[in-house]
Amino acid sequence: MEITPHYLPDFIDAVIATIRENEEEVTALDQAIGDGDHVINLQRGLENLKAQAPELSQLSWEAALKKIGISLLGSMGGASGSLFGTLFISMSKKLTEESTLNLETTAQSFSFGVDETKKRGKSDLGAKTMLDVLIPVEQALQQAFEAQMTTDKLHEFICDTALAGVESTRDMVATKGRAAFMGERTKGHLDAGAKTSQLIICAIIKVLDNLNSE
Ligand code: ADP
Ligand code: MG
C-alpha cells in the first residue's frame with residue numbers, strides 16, 4: 001500500500017504518545033548530562049505539529065516534510081530543534097511535488113537529511129548524540145533497499161537498529177552539544193536525543209505495521 005501524507009496525523013499522534021510514555025526516563029537522561037529540557041522542547045514542537053496535522057495531511061510529501069521542518073525549527077528551541085528541523089527540511093529537498101515515499105525514495109531522502117544534520121551539528125557518529133541513531137538507521141534503510149527486504153523484516157530491522165544505536169551511546173564520551181562540557185562523566189548515560197530519535201522511529205514503524213496488517 002502507498003503511504004501518503006494522509007497518515008501524518010496518525011504518525012504525529014503515535015509519536016506524541018510514545019514521548020509522553022517515556023517522558024520521565026528521557027528527562028532524567030537530559031538532566032544527568034544536559035539541562036533537562038529535551039522532552040519539553042520536543043513536546044512543544046509536537047503540539048505545534050498536531051495543530052497543523054489536518055493541513056499537513058493534504059500536502060505532498062515534499063511540502064509536508066518542509067512544513068514539518070520549518071515548524072520544528074521555529075517552535076522547539078534547543079540544539080535538537082535546529083537539528084530535527086534541518087533533518088526534515090533537507091529530506092524534503094530530495095523530493096519533488098510528485099514524489100511518493102517507497103523504500104528507495106525514503107532511503108535517499110533520509111540519507112540527504114542525515115548528511116545535512118551532520119553538517120548543521122558539525123558532528124558525526126560516536127559523539128553521543130541523536131546521530132548515533134540516525135546514521136545507523138540511514139545505513140540500514142540503504143541496505144534494506146539493496147537487499148529488497150520484505151516489509152516485515154524491514155520494520156524489525158530498522159527499529160532494532162535504532163535501539164542498538166541508543167544503546168551504543170551509553171559508553172561514549174560526549175564531544176558535541178551541552179553534554180560535551182561534562183566529558184568523561186557522560187559515560188554510563190544514554191543520550192537523550194538518541195533516545196527520542198529511536199522512540200520516534202519505532203513509533204512510526206509500529207503505525208506502518210498496523211496499516212500493513214489491516
Ligand atoms: P539543548 O542541548 O540545547 O538543551 P535539547 O536538550 O533539546 O537541546 O537536545 C539535546 C540533544 O540534542 C542531545 O541529547 C543530542 O542528541 C542532540 N545534540 C546536541 N548537540 C548536537 C550536535 N552538535 N550534533 C548532533 N546532535 C546534537
Ligand atoms: Mg537540553
Side-chain angles (χ1 to χ4, degrees), residues 12 15-16 18-50 68-91 93 109-141 158-159 161-204:
I12 293 169
V15 169
I16 288 176
T18 194
I19 299 301
R20 192 178 299 130
E21 279 158 27
N22 292 278
E23 65 180 34
E24 283 172 26
E25 184 197 336
V26 181
T27 295
L29 296 177
D30 196 35
Q31 276 167 347
I33 60 171
D35 57 356
D37 64 349
H38 181 57
V39 166
I40 298 169
N41 291 337
L42 184 54
Q43 284 177 332
R44 197 183 318 114
L46 291 170
E47 284 309 319
N48 242 296
L49 285 188
K50 184 161 173 69
I68 289 171
I70 291 171
S71 170
L72 293 177
L73 205 57
S75 62
M76 274 187 68
S80 59
S82 74
L83 294 162
F84 282 143
T86 300
L87 175 66
F88 285 98
I89 293 170
S90 307
M91 280 181 73
K93 288 185 183 159
S109 144
F110 192 69
S111 175
F112 185 70
V114 173
D115 282 346
E116 293 298 304
T117 308
K118 282 195 218 174
K119 286 186 200 157
R120 177 81 186 219
K122 297 188 175 59
S123 188
D124 212 324
L125 202 66
K128 199 178 181 94
T129 71
M130 58 173 69
L131 290 169
D132 292 305
V133 167
L134 300 179
I135 294 170
V137 166
E138 170 203 348
Q139 292 165 348
L141 280 170
I158 299 300
C159 185
T161 301
L163 283 162
V166 184
E167 199 46 49
S168 77
T169 66
R170 191 184 297 277
D171 294 325
M172 289 177 186
V173 174
T175 53
K176 294 288 171 188
R178 225 175 264 284
F181 294 115
M182 286 184 58
E184 285 287 329
R185 281 176 296 154
T186 59
K187 269 195 182 172
H189 302 281
L190 297 177
D191 173 63
K195 184 64 195 170
T196 56
S197 299
Q198 174 261 311
L199 289 169
I200 293 168
I201 289 165
C202 295
I204 291 173

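Keep in mind that this is a model prediction, so the values were computed, not measured. Note that ligands are numbered from 1 as they come in the structure, with each ligand's atoms numbered from 1 the same way.
Polar contact check, G77 against ligand 1: no nitrogen or oxygen pair lies under 3.5 Å apart. By the 3.5 Å distance cut-off applied to N or O atoms, R178 is counted among the residues near ligand 1. Polar contact check, G193 against ligand 1: a nitrogen or oxygen pair lies under 3.5 Å apart. Note: no N/O pair closer than 3.5 Å links K128 and ligand 1 by distance alone.
F84 contributes atom CZ, which lies 6.5 Å from atom CG of L134 (distance to the nearest 0.5 angstrom). Atom OG1 of residue T86 and atom CG of residue L73 lie 6.0 Å apart, to the nearest 0.5 angstrom. Interatomic distance, I200 CD1 to I16 CD1, rounded to the nearest 0.5 Å: 10.5 Å. Distance CG/D191 to CE/M130: 7.5 Å, rounded to 0.5 Å. Remark: I201 CD1 to F110 CZ distance equals 5.0 Å, nearest 0.5 Å. Residue L199 holds its CG atom at 7.5 Å from CD of E25, rounded to the nearest 0.5 Å.
Within the 4.0 Å heavy-atom cutoff, K122 does not count among the residues contacting ligand 1.
Residue G78 approaches ligand 1 through these ligand atoms, each under 4.0 Å from one of its heavy atoms: 3 (O), 8 (O). Near D30, the atoms of ligand 1 lying under 4.0 angstrom from a non-hydrogen atom of the residue are 6 (O). Those atoms of ligand 1 that come under 4.0 Å of a heavy atom in S123, given as number and element, are 24 (N). Close contacts between ligand 1 and L83 involve ligand atoms 18 (N), 21 (C), 22 (C), 24 (N), 25 (C), 26 (N), 27 (C) [criterion: under 4.0 Å to a heavy atom]. Per-residue contacts place G177 under 4.0 angstrom from the following atoms of ligand 1 (heavy atoms of the residue considered): 19 (C), 20 (N).
Of the protein's heavy atoms, D37 OD1, 3.0 Å lies nearest to atom 6 (O) of ligand 1. Closest protein heavy atom to atom 10 (C) of ligand 1: H38 ND1, 4.1 Å. The single protein non-hydrogen atom nearest to atom 13 (C) of ligand 1 is D191 OD1, 3.4 Å, given as residue, atom name and distance. Of the protein's non-hydrogen atoms, the one nearest atom 17 (C) of ligand 1 is M130 CE, 4.0 Å. Counting protein heavy atoms only, atom 7 (O) of ligand 1 is closest to S80 OG, 2.6 Å. Here the heavy atom of the protein found nearest to atom 23 (N) of ligand 1 is G121 O, 2.9 Å.
Nearest-heavy-atom check against atom 3 (O) of ligand 1 across A192, A79, A194 picks out A79.
Side chain of K128 to backbone of V173: no donor-acceptor contact under 3.5 angstrom is found. Between the S197 side chain and the V133 main chain, no donor and acceptor come within less than 3.5 Å of each other.
Across all non-hydrogen atoms, the minimal contact from L49 to S71 is CD2-OG, 3.6 Å. Across all their heavy atoms, S82 and R120 have their closest contact at CB-NH2, 3.4 Å.
Draw a line from the Mg ion (ligand 2) to OD2 of D30 and another to OD1 of D37, and the angle between them is 90° (to 10°).
When heavy-atom distances to ligand 1 are checked against a 4.0 Å cut-off, T129 comes that close through both its backbone and its side chain.
The atom name of the N/O/S atom in D35 closest to the Mg ion (ligand 2) is OD1.
Classification of K119 and E116 as a salt-bridged pair holds, one side-chain N sitting under 4.0 Å from a carboxylate O. Ionic pairing of E47 and K50 is not present here: no N-O contact between side-chain nitrogen and carboxylate oxygen is shorter than 4.0 angstrom.
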